[in-house]
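Okay, so here's the structure we're looking at.
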2 protein chains.
Amino acid sequence: MRIGELAKGTGIDVETLRYYERVGLLQLPARQANGYRTYGQDAVERVNFIRHCRALDIGLADVRRLLDFVAHPEADCSDVNYLLDEHLVRVRAKLKSLRTLEKQLARLRTQCDADHRAADCGILQELVAAAHGEACACHQSGGNASLSNRKDGE
Amino acid sequence: MRIGELAKGTGIDVETLRYYERVGLLQLPARQANGYRTYGQDAVERVNFIRHCRALDIGLADVRRLLDFVAHPEADCSDVNYLLDEHLVRVRAKLKSLRTLEKQLARLRTQCDADHRAADCGILQELVAAAHGEACACHQSGGNASLSNRKDGE
DNA sequence: CTTGACCCTGAAGTTGCTATAAGGTTTAGT
DNA sequence: ACTAAACCTTATAGCAACTTCAGGGTCAAG
């Protein structure tokens with residue numbers, strides 16, 4: 001099959017397939033006389049493997065390592081475990097920070113609901129205050145601090 | 001203060017500060033005779049403002065818009081609400097997909113625990129089977145499918 | 001007077017694609 | 001036979017948000 005068919009069969013964009021080939025995830029395919037790439041069924045499986053790994057947000061470098069393991073069934077697979085554990089740690093860390101983030105954003109969002117002037121916007125005031133409080137948590141000079149651009153006619 | 005001090009005071013890398021200047025988040029600072037940048041206290045606050053927004057994963061383009069609001073206190077702030085709402089939607093969507101991802105990875109991880117050959121690795125088998133099942137959910141040819149590289153002496 | 005810590009600019013590298021330009025080939029329809 | 005659409009090719013640039021690198025200049029201390 002040609003690259004367009006492979007793309008349709010796997011749901012991966014043609015450009016992305018060529019990209020995967022370029023970075024060494026896909027083997028160099030055979031070429032027709034006109035230069036067109038030709039693939040067999042094994043390519044479909046390889047691309048689907050990659051797609052599944054990507055759906056799990058596994059980076060291309062790690063996908064390459066996993067493909068190497070598949071290619072070498074006699075190798076010890078403890079590295080596969082390690083790879084997945086590391087990845088799981090990353091995902092859980094991101095999950096945790098994202099949960100915190102959601103709380104902070106939601107709280108921030110409650111600070112301002114009606115339409116009014118930015119000077120009275122609770123959200124901006126909170127952000128400015130946070131920036132202010134960084135150096136010194138005490139003196140709030142009044143309105144919106146000294147972050148402004150000065151050149152007001154922009 | 002010079003850029004190194006600003007970096008230390010805010011926890012933002014020197015290179016990143018110069019980058020922020022280049023993309024217009026920081027105003028062009030005054031220069032000493034030797035060309036070194038000099039900053040005042042307002043720069044610290046501005047950088048901290050940026051840092052807080054970034055900690056909330058707000059993109060640089062949106063940070064720029066927020067800085068504009070701070071600079072123009074007379075403007076209507078309903079766009080600030082909108083910006084935050086949009087961001088909250090993005091964060092929640094990401095959170096949802098990440099939770100699913102974590103479950104899948106955790107389940108996959110349980111498929112293989114002891115050190116053994118890759119050929120017997122449950123994790124690889126699952127990924128290969130998933131790739132296989134894509135085209136046809138029936139025939140599992142046996143071991144680890146035809147994803148391998150063939151050129152085993154790599 | 002040299003060492004090391006700081007500063008400067010401009011450009012390239014990172015990740016995982018996506019998009020564009022500028023062509024060549026094939027296929028279907030008239 | 002001609003043409004237009006739909007495919008294929010390569011090489012190159014763009015995205016975010018930095019980070020790193022190359023190749024310098026400046027300055028205080030020993």
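Quick note on labels: first sequence line is chain A, next is B, and so on, each numbered from 1.
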Open item on the list: Does B/Arg18 reach a base, just sugar-phosphate, or nothing at all? Heavy atoms under 4.0 Å.
Closed with: base
Side-chain donor-acceptor distances from residues 14-23 of chain A under 3.5 Å, at least two apart:
{"from": "A/Glu15", "atom 1": "OE2", "to": "A/Arg18", "atom 2": "NH2", "distance (Å)": "3.4"}
{"from": "A/Glu21", "atom 1": "OE1", "to": "A/Arg37", "atom 2": "NE", "distance (Å)": "2.8"}

Task: Interatomic distance, A/Asp62 CG vs C/dT15 P [rounded to whole Å] - done: 11 Å
Task: nucleotides 18-25 of chain D: protein proximity per nucleotide (B base, S sugar-phosphate only, - neither; heavy atom, under 4.0 Å) - done: BSB----B
Task: Value in whole Å for how far the C1' atom of D/dC8 lies from CD of A/Glu5 - done: 13 Å
Open item on the list: For B/Arg2 and B/Gly59, find the nucleotide of DNA chain D closest to each by heavy atoms; which residue's nucleotide sits nearer the 5' end?
Closed with: B/Gly59
Open item on the list: Nearest heavy atom decides the nucleotide; on that basis, is B/Lys8 or B/Glu21 closer to the 5' end of DNA chain C?
Closed with: B/Lys8
TODO: Taking only Lys NZ, Arg NE, NH1 and NH2, and the carboxylate oxygens of Asp or Glu, determine whether A/Arg90 and A/Asp62 approach each other closer than 4.0 Å.
DONE: yes
TODO: State the CZ-CG distance between B/Arg54 and B/Asn48, to the nearest 0.5 angstrom.
DONE: 14.5 Å
Task: Electrostatic pair B/Arg65-B/Asp79, nearest N-O below 4.0 angstrom - done: no
TODO: Could you check which of C/dT25, D/dT10, C/dC8 has an atom nearest any side-chain atom of B/Arg31?
DONE: C/dC8
Open item on the list: In this structure, how many angstroms lie between the P atom of D/dT9 and the CG atom of A/Leu28, rounded?
Closed with: 13 Å
Open item on the list: Nearest whole Å is fine: how far is C/dC6 P from B/Leu6 CG?
Closed with: 15 Å
TODO: Find the distance A/Met1:CE to D/dC7:P and express it as a whole number of Å.
DONE: 16 Å
Open item on the list: Please report the distance, rounded to the nearest Å, between CG in B/Leu17 and P in D/dA17.
Closed with: 16 Å
TODO: Starting from the 5' end of DNA chain C, give me the residue, A/Ala61 or B/Asn34, whose nearest nucleotide shows up first.
DONE: B/Asn34
Open item on the list: Without decimals, in angstroms, what is the distance between B/Gln32 CD and D/dA28 P?
Closed with: 10 Å
Task: Point-to-point distance, once rounded to the nearest 0.5 Å, from CG of B/Leu84 to CD1 of B/Ile58 - done: 6.0 Å
Task: 4.5 Å side-chain heavy-atom contact, B/Ile50 and B/Leu67 - done: yes
TODO: Using side-chain contact (heavy atoms from CB on, under 4.5 Å) as the criterion, list what pairs up with B/Lys94, not counting sequence neighbours.
DONE: A/Lys94, A/Leu98
